[in-house]
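First comes the structure, then the notes that go with it.
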Protein chains: 2
Amino acid sequence: MAVASRLQSGTGEAGNVVSLPETIPYFLADRIKAGIIRWRYPPGSSLRETDLAAEYGASRGPVREALRILELQGLVIHAPRRGFKVKEYTTDDLRHLYRLRAQLESEVIDALSTKDVSSLCDVLDRTNAVMRAFAIRRDLEGYFSTNIEFHQLMIDSTESSVLRTILHQVNAMSLPVRFLLLSNEFSGRADYEYHHEITQAIRARNFKLARRMTVSHITSNLTRVTVAYAEALEKQQER
Amino acid sequence: MAVASRLQSGTGEAGNVVSLPETIPYFLADRIKAGIIRWRYPPGSSLRETDLAAEYGASRGPVREALRILELQGLVIHAPRRGFKVKEYTTDDLRHLYRLRAQLESEVIDALSTKDVSSLCDVLDRTNAVMRAFAIRRDLEGYFSTNIEFHQLMIDSTESSVLRTILHQVNAMSLPVRFLLLSNEFSGRADYEYHHEITQAIRARNFKLARRMTVSHITSNLTRVTVAYAEALEKQQER
DNA sequence: CAAGTGTAAATTGTCTACAATTTGAGATCG
DNA sequence: CGATCTCAAATTGTAGACAATTTACACTTG
């Protein structure tokens, strides 16, 4: 019941626009997701049903459901009679993850070529403007979730439910590592510059260019990410 | 308990080697999966928890879990307070699905280039021989599940857990449509011929060739699949 | 007769209690 | 002193009952 009262609250704090928390498990999934992304539940740590139930004032049933939903998003893994753990990735996995992400978002852009893109671009531009504002204000959390929202919008523009499903998953998997970059996010070339150029290319219907830029946007972060992730894992194991 | 007694039985009948049914939900997931693949639960039909619980002699809890597991595999979709439905795909979705599958299995082959492949190829050859035997005996079910096993083996050869996860999913999604081809499976060029050539190419470490052949193997089925799927859906709606 | 409304049945959501399994600490034995 | 065994505590798995919501159908009403 501690949970039930908050159910109406629209968008979760995970920077997650897709799952509408109409029911307790979805609400819990969003909260736990936020916890995983922010390393409150670090990779490899076990998520005990009883603990989570107590923490959020729900019972174990919905917690299990929530964890199953997160498994769907690739953030958590379940082993029979051994419970749920926060999924952990090797640096090799990260490489594959990013390659896949780049490849699939390219697909999305390709699929745009048969559609009217102006309304999509308007939304993307607006989101990007918000993101820039957060950057100027040095609001890291806002920056982070707007960044995610940009990519989410891109993903949701595809008609293909297969692509959407898979990309949501791949995207979700990368969130914890992306969060790591947050602290030094404003070094180097800003994401919103990439975003802006990509949007422009799409609006000009230069999909080839948009594709190339998306790939370089995503892969440009890869090396930074792998280093940061390895460091974070190490720091984690000291405790 | 009608279920509990059968729990030991190793591999499920869905032609599914990956999920070890150590616990009731996994067992149920396997059975329901088999039902979906064989169109006993056709696309779009709703999977009522109570019905399934009664059908398999379990209670609703495990059934829900099972359905959640199948959602993970992209075979089922859940809407809050509206229950689970067998996922249905448009022909456009199928196109994307197959393209993705081809792309990702190519990735797997690429990843092999840094590894020793002889033991893998041995297993693949053996599986392929079994498949050929089933073909000669005109054992469609055996042929089907061995075919799946071949691809499963390929998928599982990757170190990258990301690729494995996603490919399992993409693979699972395509099972119901692949089942449709079963009746006229032995027309045209046999799958095991493709498989054999692919295996040979891999053994010869000609990964470029193996890649090309995998793509053509998978996409060669696409048109047949889309037609068969559309027909099957239509026939379904007549009822 | 069409459209909207209300109510009962069907269905999903949640909780609590109990069963089965795993885990880990301490005792026992080589 | 190290390895193994045993047993209790912690944790997950399952069942069944009850609550909340949706759906379908009959009913009213314009």
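Computed from a predicted model, the values in this text were never measured in an experiment. So that the names make sense, note that chain A is the first sequence line, chain B the second, and so on, each numbered from 1.
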Worksheet item: In chain order, what residues pass the salt bridge (charged side-chain N to carboxylate O under 4.0 Å, His left out) check against R126(B), with sequence neighbours excluded?
Response: none

Item to complete: Could I get the full list of ring-ring contact (aromatic ring centres under 6.0 Å, His included) partners for H78(A), not counting sequence neighbours?
Response: F84(A), Y26(B)

Worksheet item: Between atom NZ in K85(A) and atom P in dT12(D), what is the gap in whole Å?
Response: 10 Å

Worksheet entry | Under the side chain to side chain donor-acceptor pair (under 3.5 Å) test, residues paired with R101(B) that sit two or more places apart | N171(B)

Worksheet item: How would you list, by chain and number, every residue that makes a side chain to side chain donor-acceptor pair (under 3.5 Å) with S174(B), sequence neighbours excluded?
Response: R178(B)

All N/O pairs under 3.5 Å across the protein-nucleotides 9-13 of chain C interface:
from	atom 1	to	atom 2	distance (Å)
dT11(C)	OP1	R48(B)	NE	2.8
dT12(C)	OP2	E49(B)	N	3.3
dG13(C)	OP1	R81(B)	N	2.7
dG13(C)	OP2	R64(B)	NH1	2.5
dG13(C)	OP2	R64(B)	NH2	2.8
dG13(C)	O3'	T23(A)	OG1	3.2
dG13(C)	N7	R60(B)	NH2	2.8
dG13(C)	O6	R60(B)	NH1	3.0

Discussion item. Could you work out, with salt bridge (charged side-chain N to carboxylate O under 4.0 Å, His left out) as the rule, every residue matching E55(A), not counting sequence neighbours?
Written reply: R40(A)

